[in-house]
Colleague: 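So that we are looking at the same thing, I have put the structure below in structure tokens.
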2 protein chains.
Amino acid sequence: MSEILPSYLAGSWRSGTGAGAPVHDAVTGELVTRVSTDGLDLGAAVAHAREVGGPALRELGFTGRAELVKAAAAAVAERKQELYDLSARSGCTRADAKVDVDGGFGTAMVFAALGRKGLPTGNVIVEDEEVPLGRAGSFVGRHLLTPRRGLALQINAFNFPVWGMLEKLAPALIAGVPTIVKPATQTAYVAEHAVRIILEAGVLPEGVLQLVSGSVPGVFDVLGGQDLIGFTGSAATAAKLRSDPAVTHRSVRFNAEADSLNASVLGPDATAGTPEFDLFVGALVTEMTVKAGQKCTAIRRAFVPKDRLDEVSDAVSSRLAEIVVGAPGAEGVTMGALVGLDQRDDVRAQVEKLRAEADLVFGDPAKVDVVGADDGRGAFLSPILLRATDRSATAPHRVEAFGPVSTLLPYDGVADLVGQVARGDGSLAGSVVSNDPDFVRDAVVGMAPLHGRILVLDRDDAGESTGHGTPMPQLVHGGPGRAGGGEEEGGLRAVRHHLQRTAVQGGPGLAEALAR
Amino acid sequence: MSEILPSYLAGSWRSGTGAGAPVHDAVTGELVTRVSTDGLDLGAAVAHAREVGGPALRELGFTGRAELVKAAAAAVAERKQELYDLSARSGCTRADAKVDVDGGFGTAMVFAALGRKGLPTGNVIVEDEEVPLGRAGSFVGRHLLTPRRGLALQINAFNFPVWGMLEKLAPALIAGVPTIVKPATQTAYVAEHAVRIILEAGVLPEGVLQLVSGSVPGVFDVLGGQDLIGFTGSAATAAKLRSDPAVTHRSVRFNAEADSLNASVLGPDATAGTPEFDLFVGALVTEMTVKAGQKCTAIRRAFVPKDRLDEVSDAVSSRLAEIVVGAPGAEGVTMGALVGLDQRDDVRAQVEKLRAEADLVFGDPAKVDVVGADDGRGAFLSPILLRATDRSATAPHRVEAFGPVSTLLPYDGVADLVGQVARGDGSLAGSVVSNDPDFVRDAVVGMAPLHGRILVLDRDDAGESTGHGTPMPQLVHGGPGRAGGGEEEGGLRAVRHHLQRTAVQGGPGLAEALAR
């Protein structure tokens with residue numbers, strides 16, 4: 001597997017030339033593969049998607065395409081063990097891998113079910129009610145949604161190679177738009193295998209799903225107003241891609257979902273001993289350690305009533321002390337490795353910036369006890385809890401350490417809380433842990449304009465709660481400002497992002513006649 | 001009125017310094033005013049909107065704000081004559097001015113009515129149905145819409161200084177988002193007067209509406225993820241603005257509505273003598289001559305069955321021969337001036353490009369008979385009809401002459417038609433003029449992914465039809481690709497563009513409790 005990782009383009013698997021970029025095992029440091037697209041004809045892949053994939057999809061109609069998605073998801077589910085095993089090389093425990101793999105096919109299955117139940121058999125969705133545009137009723141308006149004639153290029157983050165692909169792929173396919181997947185280099189071999197599983201199942205028409213294992217030089221140059229780029233990753237990369245003339249000049253749709261400084265809030269009512277206190281502490285530890293904290297939705301800022309910092313610090317620290325870091329699968333290990341040494345270096349550098357304005361409460365960025373692996377070779381890092389006592393601190397609202405790192409922050413009343421949350425400039429996910437309905441209302445309504453999703457966690461819903469960090473296919477995922485300003489998922493909304501809305505004006509009944 | 005045109009910023013009228021940019025009368029060439037924002041503190045205006053305007057609006061709730069919009073629209077309606085008179089200086093006939101002025105306050109009134117009837121009294125909209133997220137029913141999800149905490153900066157085109165302002169202002173205010181208006185230089189004095197009328201009516205809280213009569217240096221630098229830029233104008237300017245770090249790095253929402261090469265289609269059934277033939281010819285002449293063709297929705301490409309070019313050329317030419325060009329208000333004048341001499345030069349240059357692949361059928365770009373004005377001083381231009389006989393011609397699908405200029409193009413069957421329409425890379429508005437339901441369906445469904453709006457015009461709906469070029473507040477206005485990829489209007493959708501959608505997760509009934 002140390003050859004160049006293949007791409008699937010225009011109907012066949014092909015490998016780029018040259019030395020390629022090396023991808024190392026997160027645990028052992030061994031070379032896993034190399035990625036390169038040198039010498040590959042990516043323009044032909046774009047044309048193939050438009051000319052072969054698009055027409056094949058449009059033949060099927062919405063419900064027929066939802067069936068395809070169901071079959072693709074089932075194919076991944078069938079061979080999930082292969083993906084778990086491969087994911088371990090990227091530092092994932094079994095539990096981490098399930099978030100990605102089961103989360104991925106589960107999400108696709110939800111979209112398939114929504115599409116089968118909620119969409120028509122053809123290619124035209126008639127939206128809303130007819131709007132009369134004249135008094136006699138001879139002239140009306142209505143909106144149609146139809147598949148765009150382009151493709152979806154998905155540019156994914158390293159942390160969820162399977163989920164990230166499937167949560168974008170499912171709505172695009174249901175919409176009738178073929179997809180080119182460009183995974184992140186660090187975990188491209190996991191995405192490649194997931195694509196291979198789907199293609200080997202033979203459930204998708206040719207041209208509907210292609211894979212670029214590596215960079216995409218020149219592809220943006222041939223995208224236009226019927227295409228969509230779905231990006232997940234850093235704000236800096238989002239900005240760079242969004243500056244491309246494809247987006248700025250040719251109005252390629254660009255949806256960004258970027259890491260953000262997500263907040264969790266402990267309510268004033270949730271004193272030590274209440275179920276909510278324990279839920280807050282438990283959720284924080286979970287978000288810090290699942291995927292070793294490499295989640296765009298992870299809690300980076302944990303807000304606590306200002307007189308409660310000590311007790312929360314102690315409670316979180318004692319829970320973190322139970323975490324066992326080490327090789328996925330090794331005895332007792334509950335947190336795996338970061339995706340690579342570069343990533344670990346980056347997290348360490350960000351922690352140093354945070355420490356300029358926050359104290360280290362738990363963990364040593366330079367050192368961690370590791371089970372079943374060599375700390376010198378694998379990308380291991382201790383969970384790190386920081387604490388800012390000064391409410392004017394800036395770094396916790398700006399600096400993101402994309403690993404098992406969170407900062408406790410004090411707040412003084414709900415107005416101060418909302419103001420501080422706003423300093424993060426927009427987030428994907430927030431949570432309010434409280435059993436006080438008035439506080440919940442003030443906090444959630446105050447925080448809502450800054451968030452794509454907010455979880456209210458309390459003793460009554462905790463048993464079924466899906467957690468702070470878990471996007472749900474039925475609910476929007478995305479957020480304003482720093483979080484990228486985009487919107488993914490959200491049930492059938494996700495399908496509509498790939499459709500063109502067109503107002504049609506004419507006689508009564510026109511829209512239904514067009515949809516027949 | 002040859003002083004610097006005032007701006008309304010942070011609670012008072014202020015004038016920029018320096019020489020300013022001169023604005024000339026479109027008909028006489030006289031200096032009307034000068035625009036400059038030199039020396040004005042625009043950053044303070046942004047802060048004023050956020051700190052004074054936003055909170056004042058949010059005090060009122062959705063329905064209260066809809067009442068404000070109604071009052072503002074009524075104020076403009078009350079003093080419409082002043083705006084007609086001023087508009088004449090920009091080359092508008094009375095009919096042209098009504099499209100802008102009456103269209104403007106009429107649009108705002110429709111939004112006000114939709115808001116009063118369709119939105120809650122508070123600041124939280126609960127969307128869709130509750131989604132169960134667990135089997136026991138203790139954990140559910142739902143979406144809220146709440147006002148963003150930023151402002152709307154509207155950057156408008158010269159052709160509709162009143163409508164362009166009001167169609168953007170009404171939804172923003174109803175949403176609870178204060179607005180800064182930046183009109184185009186050429187007709188800034190019309191927009192300034194409309195803003196003055198609204199402010200003098202005293203119906204809006206302070207900080208809700210501000211006006212920048214001139215450029216906006218530095219303003220983008222202080223915009224962020226809670227703000228929205230609504231742009232109408234050329235694709236080139238849209239691209240420039242969209243490349244700003246405000247948009248690319250800080251996820252300021254950017255909605256573009258750009259001129260496009262809109263198509264009208266004559267159906268194969270609509271032979272000479274049918275009502276549809278006459279409707280097609282009449283609509284084309286209307287779109288060429290209203291506002292002297294300076295409409296982003298005007299018909300630039302008129303598609304005709306390939307064997308029907310001659311009869312359509314003749315019919316359109318004979319109708320164009322009846323058009324009287326001259327000073328607005330002068331005896332018999334049915335078409336006014338372009339907005340200025342620069343604009344006329346630009347249109348002439350574009351016509352030359354079109355003539356490389358199309359023949360001149362009617363009009364002389366260099367010469368026109370003018371009534372009631374001096375052709376040497378005013379920006380007058382003859383209606384110009386071109387005709388491309390070669391179906392491989394490129395210029396008609398790419399070159400836009402933003403004036404009274406259209407090109408007749410032949411098509412050969414519906415597949416060829418759709419392919420040719422697609423060569424325009426996305427349009428705001430299209431029309432299909434036919435009484436054949438099968439042709440209508442194939443043409444409209446084929447053209448839909450490329451359009452924001454399509455009018456089906458026939459003998460039955462013509463009496464009440466609002467026409468090819470008229471955006472309706474109830475229906476979306478915008479289009480993919482070249483048309484900017486944006487969406488305005490569309491009823492309450494326009495309000496939602498200013499709201500943040502947030503998924504909330506918690507116990508059943510949570511969303512309703514939050515909205516109380």
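In what follows, chains carry the letters A, B, and so on, assigned in the order in which the sequence lines appear, proteins first and then strands, with residues in each chain numbered from 1.
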Colleague: At a heavy-atom separation under 4.5 Å, does E489(A) approach chain B through its side chain, its backbone, both, or neither?
Modeller: neither

Colleague: If you count heavy-atom pairs under 4.5 Å between each of G507(B), S465(B), G490(B), G484(B) and chain A, which one has the most?
Modeller: S465(B)

Colleague: Kindly determine whether F139(B) and V456(A) satisfy side chain to side chain contact (heavy atoms under 4.5 Å, CB included), including the steps that lead there.
Modeller: CA-CA 10 Å; F139(B) 188 66; V456(A) 176; over 6 Å; no

Colleague: Can you say whether V124(B) sits under 4.5 Å from chain A via the side chain, the backbone, both, or neither, judging by heavy atoms?
Modeller: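 Side chain of V124(B) only, per the 4.5 Å heavy-atom cut-off to chain A.
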
Colleague: What part of I454(A) lies closer than 4.5 angstrom to a heavy atom of chain B: side chain, backbone, both or neither?
Modeller: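 Both backbone and side chain of I454(A) come within 4.5 Å of chain B.
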
Colleague: Can S243(B) and R242(A) be counted as having a side-chain donor-acceptor contact under 3.5 angstrom?
Modeller: no

Colleague: Please classify the contact of A136(A) with chain B as side chain, backbone, both or neither, using a heavy-atom distance under 4.5 Å.
Modeller: both

Colleague: Is the shortest heavy-atom distance from the side chain of Q500(B) to the side chain of L450(A) under 4.5 Å?
Modeller: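 They are not in contact (no side-chain heavy atoms under 4.5 Å apart), so the answer is no.
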
Colleague: Top residue by heavy-atom pair count (under 4.5 Å) with chain A, among R250(B), R148(B), R149(B)?
Modeller: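 Looking at each option in turn, the highest pair count goes to R149(B).
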
Colleague: Does CZ belonging to R423(B) count more than 12 external heavy atoms closer than 6.0 Å?
Modeller: yes

Colleague: Need one label for H451(A): side chain, backbone, both or neither, based on atoms under 4.5 Å from any heavy atom in chain B.
Modeller: both

Colleague: Given heavy-atom pairs under 4.5 angstrom as the criterion, report whether the side chain, backbone, both or neither of V476(A) touches chain B.
Modeller: both

Colleague: Heavy-atom distance under 4.5 Å between the side chains of H143(B) and R493(A), does that happen here?
Modeller: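 They are in contact (side-chain heavy atoms under 4.5 Å apart), so the answer is yes.
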
Colleague: State the CG-CZ distance between L475(A) and R142(B), to the nearest 0.5 angstrom.
Modeller: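 So the CG of L475(A) and the CZ of R142(B) are separated by 11.5 Å.
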
Colleague: Return the option, out of D460(B), D227(B), L133(B), with the maximum number of heavy-atom pairs under 4.5 Å with chain A.
Modeller: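 The candidate making the most pairs under 4.5 Å is L133(B).
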
Colleague: Measure D458(A) against the heavy atoms of chain B and call it side chain, backbone, both or neither at under 4.5 Å.
Modeller: neither

Colleague: Which bit of P437(A) is near chain B, if near means a heavy-atom gap under 4.5 Å: side chain, backbone, both or neither?
Modeller: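 Contact with chain B involves no heavy atom of P437(A) at all.
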
Colleague: With a 4.5 Å cut-off on heavy-atom pairs, point out which of S431(B), S251(B), G225(B), A513(B) contacts chain A the most.
Modeller: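 Answer, by heavy-atom pair count under 4.5 Å with chain A: S251(B).
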
Colleague: Could E464(B) and R135(A) be called an ion pair, given the rule that one side-chain N must be under 4.0 Å from one carboxylate O?
Modeller: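 R135(A) and E464(B): not salt-bridged.
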
Colleague: Can you measure from CG (D442(A)) to CG (L514(B)) and round to the nearest 0.5 angstrom?
Modeller: 10.0 Å

Colleague: Do T466(B) and Q505(A) have side-chain N/O donor and acceptor atoms under 3.5 Å apart?
Modeller: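 Looking only at side-chain atoms, Q505(A) and T466(B) do form a donor-acceptor pair, the distance falling under 3.5 Å.
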
Colleague: Identify the residue among R253(B), R496(B), R501(B) that makes a salt bridge (charged side-chain N to carboxylate O under 4.0 Å, His left out) with E487(A).
Modeller: R501(B)

Colleague: Sort V131(A) into side chain, backbone, both or neither according to what part of it lies under 4.5 angstrom from a heavy atom of chain B.
Modeller: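 When you check distances to chain B, only side chain atoms of V131(A) fall under 4.5 Å.
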
Colleague: For A448(A), is there any backbone N or O sitting under 3.5 Å from a side-chain donor or acceptor partner on T502(B)?
Modeller: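 Pair found, side chain donor or acceptor close to backbone of A448(A).
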
Colleague: Q226(B) versus P449(A): any side-chain heavy-atom pair under 4.5 Å?
Modeller: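 When only atoms from C-beta onward are counted, P449(A) and Q226(B) do touch, with a gap below 4.5 Å.
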
Colleague: Sort V440(A) into side chain, backbone, both or neither according to what part of it lies under 4.5 angstrom from a heavy atom of chain B.
Modeller: both

Colleague: What part of P147(B) gets within 4.5 angstrom of chain A, counting heavy atoms only: side chain, backbone, both, or neither?
Modeller: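 The backbone, not the side chain.
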
Colleague: Which one, H477(B), R453(B), R441(B), Q474(B), leads in non-hydrogen pairs under 4.5 Å with chain A?
Modeller: R453(B)

